[in-house]
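All values below come from the heavy atoms of this structure, side chains included, with hydrogens, waters and symmetry mates left out. Within every chain, numbering begins at 1; the chains are lettered A, B, ... in the order of the sequence lines, protein sequences first and strands thereafter.
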Number of protein chains: 2
Amino acid sequence: MLTAKGRRTLHRIVDGATAELRERGVDELRLEDVMARTGVSKGQLFHYFPDGKEGLLLAVVRREADQVLSDQEPYLSDLTSWMAWQRWRDRLIDRYVRQGDRCPLRGLLGDTGRRIPAAQSVLTDLIDRWQTSIVTGIRCMQETGEVSSEVDASRTAASLIAGIQGGVLLLTSTGRTDYLESAVDNVIEGLKGHCSRP
Amino acid sequence: MLTAKGRRTLHRIVDGATAELRERGVDELRLEDVMARTGVSKGQLFHYFPDGKEGLLLAVVRREADQVLSDQEPYLSDLTSWMAWQRWRDRLIDRYVRQGDRCPLRGLLGDTGRRIPAAQSVLTDLIDRWQTSIVTGIRCMQETGEVSSEVDASRTAASLIAGIQGGVLLLTSTGRTDYLESAVDNVIEGLKGHCSRP
DNA sequence: GCAGGAATGGACTGGCCAGTCCAGAAATTC
DNA sequence: GAATTTCTGGACTGGCCAGTCCATTCCTGC
């Protein structure tokens, strides 16, 4: 019930909608713009997304959520040394600084959740997976003794994620990168400060 | 050019719009809802805000920005001891946890800036003032020797603000309070860890 | 090659909502 | 108390845009 051609069209729609969402934000996103950008007719759009705008946006949100994490690979899943942490940190910051306000996270965190109830669970799921990866990284460092075992991995990871979210938010709204950098560096330095063999 | 009666009406409009903004968010805010809530007619609305919705929202945003800081007083301006920091922290978190998603910050940080260009400068101004207060607090602690003079006050303040923003964002979108708490506590503990007389 | 489903194009509808306009009431000023 | 300004109510307009509908064309299996 979906030919190869159809699959391609569907893909094209999601691609276009993703770009449109990043550029304009949820509330300014118009189906007509997606149509213009992708060269797809209204009939097609509702053929592939019978639930209309909401269904389309949900598909976009799901993709973006995956993108956020896969953008951080392979570093995020391998936080096993200070050098690895540094590389992850550099990649993360570079990514968001480059993206400026065409930012996937911005779309997810802004009012999107409020507009599309189903997006809420996608978001919490993303945050959970993210936190889990970081916790794993911290535990690993504790096992090798490079981080004190007294550190609460879960809380530290939570604070790191909050710092990233806030940093990105401030980056997109003020254009300044130092909030994001300071937040991430501060948490990592805190981790280093708790080194069990100084 | 504004009678006492007029001033009262204007006030009533801003009040209603503020409540409406917190409940619904920028993109879902309807002038008709503000009218219904405040019992004000369309003619009045455009009489007091000739620029229409945008002008009204700008007025609301300005008020909210002031509110964010004054909510933290008198603690924010008096971060002169660890106990004071603790009280400030408690007040801040209590405030946001109580507010849930009827949150002034959410309105300011979300897509509001994008929608209302003039709001951007209100926001950066708010962040600047906030950061300045925190920096002052840290410097004060350094002078009394309770925080090492090696600490970069500006960067630490930036990381604290980023953590708060992210924490609040995650609080409103996931309902979990631990991101905000962890973020704030982590920065403060980091500050304590740099105590120059252990 | 033909049936039936998949894919496409685009005209049309209907609701929503910001913003306009003006007429009349209430106040302020002199 | 007349003139002028401010204030108020609400009907009306016009544009925008999601969603509907259907006619047509394109596949695909048999």
- Per the under-4.0 Å heavy-atom filter, residues of residues 16-24 of chain A near DNA chain C come out as none

- Listed once per pair and sorted, the salt bridge (charged side-chain N to carboxylate O under 4.0 Å, His left out) pairs that draw on residues 30-43 of chain B, sequence neighbours left out: B:Glu20-B:Arg37, B:Glu23-B:Arg37, B:Arg24-B:Asp33, B:Glu32-B:Lys42

- Under the side-chain contact (heavy atoms from CB on, under 4.5 Å) test, residues paired with A:Leu123 that sit two or more places apart: A:Leu108, A:Leu109, A:Leu126, A:Ile127, B:Ser173

- Message: Treating primed atoms plus P, OP1 and OP2 as sugar-phosphate and everything else as base, which nucleotides of nucleotides 5-10 of chain D get B, S or - for protein heavy atoms under 4.0 Å?
- Response: -SSBBB

- Item | Set of side-chain contact (heavy atoms from CB on, under 4.5 Å) partners for B:Thr3, sequence neighbours left out | B:Lys5

- Message: B:Ser133: which residues meet the side-chain contact (heavy atoms from CB on, under 4.5 Å) condition with it, sequence neighbours left out?
- Response: B:Leu76

- Message: Less than 4.0 angstrom from a charged side-chain N to a carboxylate O is my criterion; do B:Arg115 and A:Glu28 meet it?
- Response: yes

- Which part of the nucleic acid, if any, lies within reach of B:Leu10 when heavy atoms closer than 4.0 Å are counted: base, sugar-phosphate only, or nothing? nothing

- Mind jotting down which residue pairs meet the salt bridge (charged side-chain N to carboxylate O under 4.0 Å, His left out) criterion with at least one end in residues 161-178 of chain B? Sequence neighbours excluded, please. A:Asp128-B:Arg176, B:Arg176-B:Asp178

- For residues 66-83 of chain A, pull every pair meeting salt bridge (charged side-chain N to carboxylate O under 4.0 Å, His left out), keeping only residues two or more places apart or in separate chains. A:Asp66-A:Arg129, A:Asp71-A:Arg95

- How would you list, by chain and number, every residue that makes a side chain to side chain donor-acceptor pair (under 3.5 Å) with A:Glu64, sequence neighbours excluded? A:Arg22

- Item | B:Arg89: partners by salt bridge (Lys or Arg N to Asp or Glu O under 4.0 Å), with sequence neighbours left out | B:Asp185

- Quick one: how far along DNA chain C does chain B reach, first to last nucleotide 5' to 3', anything under 4.0 Å to a heavy atom? C:dC17 to C:dT28

- How is B:Leu45 classified with respect to the nucleic acid when contacts are heavy atoms under 4.0 Å: base, sugar-phosphate, or nothing? nothing

- List for me each residue that meets side-chain contact (heavy atoms from CB on, under 4.5 Å) alongside A:Arg139, sequence neighbours excluded, and say none if there are none. A:Val135, A:Gln142, A:Ala153

